[in-house]
Structure formats: structure tokens, C-alpha cells
Amino acid sequence: MPSPGRTQDREILRLAVPAFLALVAEPLFLLADAAILGRLGTAQLAALGVASAVLGTLISLCIFLAYGTTASVARQLGAGAERRALAQGIDGLWLAVVLGALVTAVTWPLTSRIVDLFGSDRETTAFAVTYLEIALLGTVPLLLMLAATGVLRGLQDTRTPLAVAVAGNLLNIVLNLVLVYGFGLGMAGAALGTLVAQLGSAAALVAVVVRGARRVEASLRPDLPGIRQAGRAGVPLVLRTLLLRASLLLMTAGAARLGRADLATMQLALTIWTFLAFALDAVAIAAQAITGRYLGAGDVEGARAVTKRMMRWGWLSGASTGLLLAAAAPWLGLLFTSDPAVLDRLTPALVVAALAQPLAGIVFVLDGVLIGAGDAVYLAWAQLATLIVFAPAAIAVITRGEDLTGPGHGVALLWAAFGLLFMGGRAVTLLARARGPHWMRLGA
């Protein structure tokens, strides 16, 4: 008979492995654009950095559509209420449509003004505006993808999002190559190709959720009380995500003020970090689904035991990605650019980022555990405390860092502050919370 630890490992891997593959596939939307546009020039690559920062912020503020839905659906599943679980999932889909339409209506007319806030040069700004004006039209399908993925994860299904992510990214790469190089559309072609791929992916995921709802006879109509409840539950997660994005925006804005090469370097470093973060987040996704199900079933001992196992997996995953990143750092930049100034800056930045990977693995897992437990209010306050510590250090690096180390080291110094103070601060606050009993609220 297998030991409880091995049984938990199998459960974690059953959810985490497909989630890992899907999450690694998702950043390929951005990696494909970076590789394709990077060959057009440094200005286009820097513009993608600005556009990605804006889009990433807008979408990540709505990440609660995936995270909150995963937790609530998993709790209902653990309590044996599958119909109620899918009803909450449908509420999440309708909320995604409403939020996506609002975000598009508000931000699209302000595209130029938003890009101007980054202070980049005129050519980079023009390219960024072109990309954003098209990409913002994909906000609704992107949010539907988040919500539908959250429902399926809550139902302990991470394979379907994997299949859709792989198909969507293959379509994205083909469309981008054809539109950028075949039709010579440049930035507009990359944005349009990604938009079409996102539309197809959203349609596929929503269809699966709707089929499941019909199977258990859950209503597909908008339920205003349910939609409002989903929105209220997401507020702390929005605040937590906003504070997280503020740290990344601070790094991007700081790099923009250091120079075009520094901004392009930061774009590549953040793209690679995001790629690895999604990979590490696979165990966190499993943590959300498993924690919600255990607490929904009222199993306190099981929840604590599986949390310890997932922390071990998080540390091992972070150590592995850190070693791989450090080893590949001297060559990764060649995949995206031939600019020697960018390549010289990128290698030390990636080595510094690699050192933070083991810590990031633990942070992401505990983040997933507490999200799965519905402990979003604490996460928001903890994120605020961490940002208060990190922001002054980042500003000091931007204003005075290169005076001490010489030109070309500003991006690496920013990453050092991020790893030590931001990720370190998150680790302290999350470990302190996980050791106590207050996050373990039981029942559906």
C-alpha cells in the first residue's frame, strides 16, 4: 500500500504536470512575439516591452477570474456540490465578459497617453501604440480564457487547458510569421496574429465549461447576485495583483529611464522570468485546486500534510529552473536580438534572477495554498508591506545605482533588489501565515 506522502505526490503531479505544460505554453504568446519582432530591430523589441507591461497589468488585475474561481469551484467540489461548482463557474464567465468590455472601453481611447507614461523615445512609443491598439481588442477573450481555465482547474482538470494552450500557441506562431514577414505588417501583424489565436482559445475553453454545466443542469443565464459575489470575492486578489504588478512596472519604468538598451534588456529578462514563473506556478495551481478541495471537505490534517509536500516540490522546481537559467544565461539573448549592448546587459541580469528562483518556487506554492484557502485579504496586506520595502531600494538603483557600479549594470541591480527584497519579503510573510491556523477556513 503506497504511503500517504507518495499518494499526495501523485495527486500533485497529476494536476501540476499538465498545468506546467499549459503555463509554459501561455508565455509563448509573448516569447513568439519577442523572437519575431526582435529581428526587426531594438525599437520594436523595446516597444513590445512597454506594450507587454501595459497588457500584463490589465490582464493580471483580473487574474482573480482564474484563481478565485479555482478556489471556489474546488471547495464546492470537495463538499460534493458539483452543480453549484459549475454554477459559480458560469458566474465567473459572465463576470469576465463584463470586465473585459469595461477594460477595453476605458483603456483603448487612452492608449497613447498610457504609453507616454513610460517615457521611452518617439520611435519606441509609436510602435508600442500600434501594438496596443490592436491587442486591447483581445481583452474579453483573454479574460474568458482566465475564467474558463479557473473553472476547469477547480474541477481538477488541468489537461484541457493544456490542449487548448498548445493549439492556440501553434496558431499564434504561424499567424505571426505570416503576418509580420509574409505580409510585412510588422508590429500590427504580431498583435493581430495573437488576437486571432486568443479568440480561438477562448471559444474552445468556454465550450468545454458550457458542456459541463449542461451535463449537471446548471443554468447558463447571467445570475446577478452570483456575478456580484464573484466580483466582491475578487477585490482582495485584485489589490494583491495590483501591488505585484506595481513592482514589475517600477522595474520597467526604471529601465526605460536608463536607456533604450536597458529597456530592451528588461523586456527580455521579464519575458524569461515570466516564462519560468509560469513554470513554477504549476505547483501553485495544484495547490489552489487541492487546498480548496481539502478545506471544502473539512480535512485539516490532509490540507497541512499536502501543503508541506507542495512546498518541497516548489523548492525543488525553483532550484532546477535556477540552475538551468544560470547555465543558459550567456546564450539566451541570441534568440531574440543581435544588439551587443542588450546582450552585454542581459547575461548578468539573468544570473541574478536565477539566484532568486529557489525562493520563488516556495513563494509561488504558498501563494497558491492561501489563494486556494480564500485568504486573499491577508495576501493583499502582505503584498503591500513587501512593496513598501522594495520600492525605495528600486528607486535608489534607478537614480544612483550606475554611479556606483558604472554604466550597463542598472538592470542587474534592479533584479538584485527584486530578488532580495521583494521575493524575500513575500517569503517571510507567506511562511509566517502558513504556520498558523487562521487561513484554514472549512466548508463550502
Side-chain angles (χ1 to χ4, degrees), residues 25-62 96-97 99-118 120-146 164-165 167-206 245 249 252 256 263-264 267 270-271 274 336:
E26 286 181 23
L28 289 178
F29 277 105
L30 183 56
L31 282 172
D33 286 352
I36 292 169
L37 293 176
R39 297 299 174 183
L40 296 179
T42 301
Q44 287 89 336
L45 186 59
L48 182 62
V50 173
S52 299
V54 175
L55 288 169
T57 299
L58 292 175
I59 301 305
S60 65
L61 289 177
C62 299
V97 172
L99 288 178
L102 287 174
V103 168
T104 303
V106 171
T107 58
W108 196 87
L110 301 175
T111 301
S112 296
R113 294 183 181 180
I114 292 171
V115 172
D116 286 340
L117 295 175
F118 287 84
S120 53
D121 61 81
R122 182 177 299 177
E123 185 181 16
T124 298
T125 296
F127 283 133
V129 170
T130 297
Y131 189 95
L132 270 176
E133 286 181 338
I134 297 172
L136 283 172
L137 300 177
T139 304
V140 171
L142 267 174
L143 297 193
L144 280 171
M145 288 169 62
L146 289 177
V164 173
N169 278 288
L170 289 175
L171 177 61
N172 177 60
I173 292 170
V174 171
L175 287 173
N176 282 3
L177 288 171
V178 171
L179 294 173
V180 172
Y181 295 118
F183 288 89
L185 296 180
M187 295 293 294
L192 183 60
T194 301
L195 173 61
V196 173
Q198 290 166 348
L199 285 167
S201 298
L205 288 169
V206 169
R245 291 301 305 181
L249 284 172
T252 300
L263 177 57
Q267 155 61 14
L270 284 173
T271 299
T274 301
F336 305 100

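All values below come from the heavy atoms of this structure, side chains included, with hydrogens, waters and symmetry mates left out. Quick note: residue numbers are just sequence positions, from 1.
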Can you list everything that forms a side chain to side chain contact (heavy atoms under 4.5 Å, CB included) with L170? Sequence neighbours excluded, please. V166
Using every non-hydrogen atom in the two residues, find where A204 and V164 come nearest and quote the distance to one decimal. CB-CG2, 4.1 Å
Could you tell me whether a side-chain N or O of N169 sits under 3.5 Å from a main-chain N or O of A165, the two making a donor and an acceptor? yes
Between SG of C62 and CG of L99, what distance do you get to the nearest 0.5 Å? 5.0 Å
Closest heavy-atom contact between L179 and G189? CD1-O, 3.5 Å
Smallest separation among heavy atoms of A197 and G168, with atom names: CB-O, 3.5 Å
So which heavy atom on V180 is nearest to which on G186, and how close? CG2-O, 3.4 Å
Heavy-atom pair with the smallest gap, counting every atom of V140 and G100: CG2-C, 3.5 Å
Can you name the side chain to side chain donor-acceptor pair (under 3.5 Å) partners of T111, sequence neighbours left out? none
Any residue meeting side chain to side chain contact (heavy atoms under 4.5 Å, CB included) with L55, in chain and number order, not counting sequence neighbours: Y131, L132, A135, L136
Taking the side chain as C-beta and beyond, is there a heavy-atom pair between L144 and L205 under 4.5 Å? no
L249/F118 under side chain to side chain contact (heavy atoms under 4.5 Å, CB included): CA gap, chis, key distance, verdict: CA-CA 9 Å; L249 284 172; F118 287 84; 4.0 Å; yes
Sequence neighbours left out, what passes side chain to side chain contact (heavy atoms under 4.5 Å, CB included) with Y181? Give chain and number order. I36, R39, L40, L177
Hey, what do you get for CZ (R113) to OG1 (T107), rounding to the nearest 0.5 Å? 13.5 Å
Side chain to side chain donor-acceptor pair (under 3.5 Å) with T130: which residues, sequence neighbours excluded? none
Looking only at heavy atoms, which two atoms of P141 and A202 are closest? And how far apart? O-CB, 3.4 Å
Distance, nearest 0.5 Å, that separates CG of L199 from CG of L137: 9.5 Å
The criterion is side chain to side chain contact (heavy atoms under 4.5 Å, CB included); which residues satisfy it with A47, sequence neighbours excluded? T124, F127, A128, M187
